[in-house]
Amino acid sequence: MEGFTHLIPFAAAHEVIRQGRRDLTLVRMTPDLIYDQMIGAGCAAKLVFSWGGNPGVGSLHRLRDAVEHGWPRPLALEEYSHAAMANAYDAGAARLPFAPFRGCPGDLARVNPNYRSVTCPFTGEAITAVPAMRPDVTIVHAQRADRQGNVMIEGITGVQKEAVLAAARAIVTVEEVVDTFDGGPVNSCILPHWTIGAIAVVPGGAFPSYAYGYYQRNNAFYLAWDGVSRSRDAFGAWIDEHVMQSGPDAFAVHAAQVA
Amino acid sequence: MEGFTHLIPFAAAHEVIRQGRRDLTLVRMTPDLIYDQMIGAGCAAKLVFSWGGNPGVGSLHRLRDAVEHGWPRPLALEEYSHAAMANAYDAGAARLPFAPFRGCPGDLARVNPNYRSVTCPFTGEAITAVPAMRPDVTIVHAQRADRQGNVMIEGITGVQKEAVLAAARAIVTVEEVVDTFDGGPVNSCILPHWTIGAIAVVPGGAFPSYAYGYYQRNNAFYLAWDGVSRSRDAFGAWIDEHVMQSGPDAFAVHAAQVA
Amino acid sequence: MRYTPDELMTVAAARCVGNDDVCFVGIGLPSAACNLARLTHAPEITLIYESGTIGARPSVLPLSIGDGELCATALTTVPVPEFFRYWLQSGRITAGFLGAAQIDRFANINTTVVGAYDAPVVRLPGAGGAPEMAAACQRTFIVMPQSRRAFVERLDFLTSLGHGDGGDHRARLGITTAGPAKVITDLCVMEPDPQTRELTVTSLHPGTARADVESATGWTVRFAPDVGDTPAPTAHELEVLRRVRLDTDKAHEGREPACPTR
Amino acid sequence: MRYTPDELMTVAAARCVGNDDVCFVGIGLPSAACNLARLTHAPEITLIYESGTIGARPSVLPLSIGDGELCATALTTVPVPEFFRYWLQSGRITAGFLGAAQIDRFANINTTVVGAYDAPVVRLPGAGGAPEMAAACQRTFIVMPQSRRAFVERLDFLTSLGHGDGGDHRARLGITTAGPAKVITDLCVMEPDPQTRELTVTSLHPGTARADVESATGWTVRFAPDVGDTPAPTAHELEVLRRVRLDTDKAHEGREPACPTR
């Protein structure tokens, strides 16, 4: 489930929680609130990530609770830097088995055996390598699909395109469906329909992150989440009310309010 | 001098010919008419390329004359496939020493010692590798620059961005200068001013190729070039009249005519 | 309705692809064939040109793979490195069309040079996108006129791999795609033998005799046990093809006086 | 004009960069500092956030590195893999700002974990863009409050390389960039010794004594022969900083009722 700050597929994550999925390996450069919720709800057995904080606010308390105290269950970590993960997605999309990049010496390579090295056959330099990222399923949120099922992403595109192209299957939630993308910028970020397995129309589905051109990031929610997520009880109550007793339609209000 | 069919910097090439440059190593995926002219004019000692034809028409006769008969001087070849060169530019822009890609077995690797192999440190697969492409100078043509010197390319962007970022220095010719790019698509292909050494305003400078949004490709010129370039004399007369006795202003008529 | 050999080849090539195909389209006959398919039986087909135009729907045939028409009608246009990395190398392209100056019995092709590489008799344009297309497209189709000069016992240069030395050679090289599925000439259609992968004539074009094929092939050509007849182009196919060709010729005459050469 | 330690740190950081700098900007104090520079002495400075926004000119400070404000005001926004490959790894970024939970005498930093990696006392957010930023930016500046808990003899985890074991260690590792050029704390400014690369106090903030620095540092801290005084923020700098902070707070209160938690 990618979406670099922008277009984070919260509605899809809530559906995963509601369906009671367990033992998932969650992959995301920035786990953000979306994985904090899924981890706290007990969906995850493993997290593959590169920066696990609440941006500009502080800790992800549910992530910390899982790592530090094993609550609600222990969480295995596979940890990279952003550069490593971005290159791994890129290699996944290109169907290369590994991604070479200029890594930084440090302890990450000590705790993650997926940091290896290749020797440049021309200069002899040792270049860091990580395996290509190839998720079983990638879920992203996008601004719009056309009637044929092509998907357009605009603004901060993060690693969404790479994550979709790297995955065995891809699911996309969108703000709306339009007739055609004709007349738009010719170099737009568009995923053709044959790269996508399923599309669900969920207006507001990226709340409290945002959809460029539709609604803004709700920074107040990110600030308030710090309080909600600090206590297991408050978190449980929040999930119960806003996820378990709710549904994808609840997101529509966010799309409408700030349009 | 890049520009994949689109935005080929002909005006800049003519200036290079007029200045009597010699012994150049010319790099370009598709030499096209631009290098046919420079080779025929005797500028080039070596050509690095991946497809040397007149698209949809046939041979580049000046290129063939140089390779087959050493006229006007012998031309060394360093030959790749498109995939190899595109990956090599990509690695150059990323400052990696080599580019790994899934190459195709064949004789290219036999005649070009720059085809080597790296072993994936995870799967053990042998992956083809070529050295990063790092030109001394890249020259491209673009639609527009803003007053700050940022450059925007729209339409078929080819390997222009990569070629600029891979080069030690970059020169750009543009159709026009605008005040600002504000209000354009947020994910446009823009090269910031600090990636570019010099900009020259040459309306029509891509003729007979084209500038998307400005003027169309002059396919008739490409068809007629077959006749002009077949004979050394006709070619010489053409270069004399249209390059040596001419100047960059001569391109402006092409920008105006089909706007 | 009468037709030329070129029209028959184009129509036969067009019939190789359908709505679900994602095609790597080269210029010339492949472009005509793919667009003919799009304008007749496969309106949903996806055409990709190596200039990075994905889902192009040109109204006239491009002279080059980078004509503005392709970009203007495409779903989107991506950088060329991205095209080769995310779209071709990834195996997402289901069908590719190739042409060649030389082909051998295992459908390996040469587009580089006639004669020795260092002292060529004819210097051809070279590889372009063909080698990785030959390796990464799920299936390829080779379209070229048949003659002893082109259908040779031994290539002067192996630019793009077909079935290698035959049999499971592709697989042994670690290549997972099917390789050349058909060779369409002006005389016949050839397909690789299921075991040996040697090209075998599977259908003869209307009016072609076995001897015509034999005399235009530089090796002892094999025929399938049940050689069929290539269906002739339909009137509709020919009409559509001729209309788009006519529109194209008009467009390519140019809006300006041609090459200013006196 | 009175000011807070945070304001002093922000102003001191802002003064490290100029018009020709291309800055990798992180969230929080670095973002405030870089935008302060842009709004005061360096109007032409280029700010790049790792979300891929190149040349961002936000009117309010973003809470996250991916706020819409950054994209809307940027020259362009590129995919994250492209950012890390073409823009950071290529060495095009001249200045980067880092913060940390722990730093050692050679300006190596830890943002990963306090305690053992497998049994952490405090799990920190992790690496993010920091390691490659530390390796690829031409110079880096580290900004963090000074305390014995943070300025440690030995890191629990080396997330991002500073000067390694000191001396020419970076160069021996094949890294060509200069590494940490300054550490700006709430007490002083430290710079690496030209030879040993050990952090050395080069200027004390107004009102700070040497003993204050010593008691807030987990190793025996060295002072340069000529320790200067950090210039206080000017009234103009403080005004601009406070105005942008005020605008930011207003914007972050949100347009909707906050987190719907009852």
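Residue numbers begin at 1 in each chain, while the letters A, B, ... track the order of the sequences. Worth knowing before you read on, the calculation uses all heavy atoms, side chains too, and leaves out hydrogens, waters and symmetry mates. Every value quoted in this text rests on a predicted model; they were computed, and no experiment measured them.
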Legend entry - When G155(A), A86(A), A83(A), A84(A) are compared by non-hydrogen pairs under 4.5 Å with chain D, the top option: A83(A)
Inset, instruction - Find the one option among G56(A), G52(A), A99(A) whose heavy-atom pairs under 4.5 Å with chain D are most numerous. - result: G52(A)
Inset, instruction - Let me know if I175(D) has heavy atoms under 4.5 Å from chain A in its side chain, its backbone, both or neither. - result: side chain
Legend entry - Enclosure of R149(D) CZ (heavy-atom neighbours >12, cutoff 6.0 Å): no
Inset, instruction - Search all heavy atoms of L173(D) against all heavy atoms of P105(A) and return the closest pair with its distance. - result: CD1-CG, 3.9 Å
Legend entry - Engaged part of A119(D) at the chain A interface, taking heavy atoms whose separation is under 4.5 Å: neither
Legend entry - Nearest non-hydrogen partners of S51(D) and I156(A), listed with the distance: O-CG2, 3.5 Å
Legend entry - Heavy-atom side-chain contact between S59(A) and V122(D) under 4.5 Å: no
Inset, instruction - Indicate yes or no: at least one non-hydrogen side-chain atom of T111(D) is less than 4.5 angstrom from one of W51(A). - result: no
Legend entry - P79(D) to E162(A) - nearest heavy-atom pair and separation: CB-OE2, 4.2 Å
Inset, instruction - Check whether any side-chain heavy atom of F157(D) sits under 4.5 Å from a side-chain heavy atom of V111(A), and report yes or no. - result: yes
Legend entry - For the student: nearest non-hydrogen atoms of R123(D) and L77(A), plus distance: NH1-CD1, 3.7 Å
Legend entry - Over 12 non-hydrogen atoms of neighbours within 6.0 angstrom of CZ in R154(D): no
Legend entry - Heavy-atom closest pair, residues P81(D) and G158(A): CD-O, 3.6 Å
Inset, instruction - Evaluate the side chain to side chain contact (heavy atoms under 4.5 Å, CB included) criterion for residues T77(D) and T157(A): first the C-alpha distance (whole Å), next the side-chain angles of each, then the deciding distance (0.1 Å), finally the verdict. - result: CA-CA 8 Å; T77(D) 299; T157(A) 58; 5.7 Å; no
Legend entry - Nearest heavy atoms of V67(A) and P120(D), plus distance in Å: CG1-CG, 3.8 Å
Legend entry - Euclidean distance, N110(D) CG relative to D107(A) CG, rounded to 0.5 Å: 8.5 Å
Inset, instruction - Name the member of L155(D), V121(D), L124(D), T159(D) that forms the most heavy-atom pairs with chain A at distances under 4.5 Å. - result: V121(D)
Inset, instruction - Under 4.5 Å heavy-atom distance to chain D, tell me which part of F101(A) shows up: side chain, backbone, both or neither. - result: both
Inset, instruction - Considering only heavy atoms and a distance below 4.5 Å, find which of S31(D), C71(D), G126(D), A135(D) pairs most often with chain A. - result: C71(D)
Legend entry - Residues of residues 124-134 of chain A within contact distance of chain D, non-hydrogen under 4.5 Å: none
Legend entry - Pick from R110(A), K161(A), R64(A) with the largest number of heavy-atom pairs that fall under 4.5 Å of chain D: R64(A)
Legend entry - Contacting moiety of Y80(A), where chain D heavy atoms sit under 4.5 Å: backbone
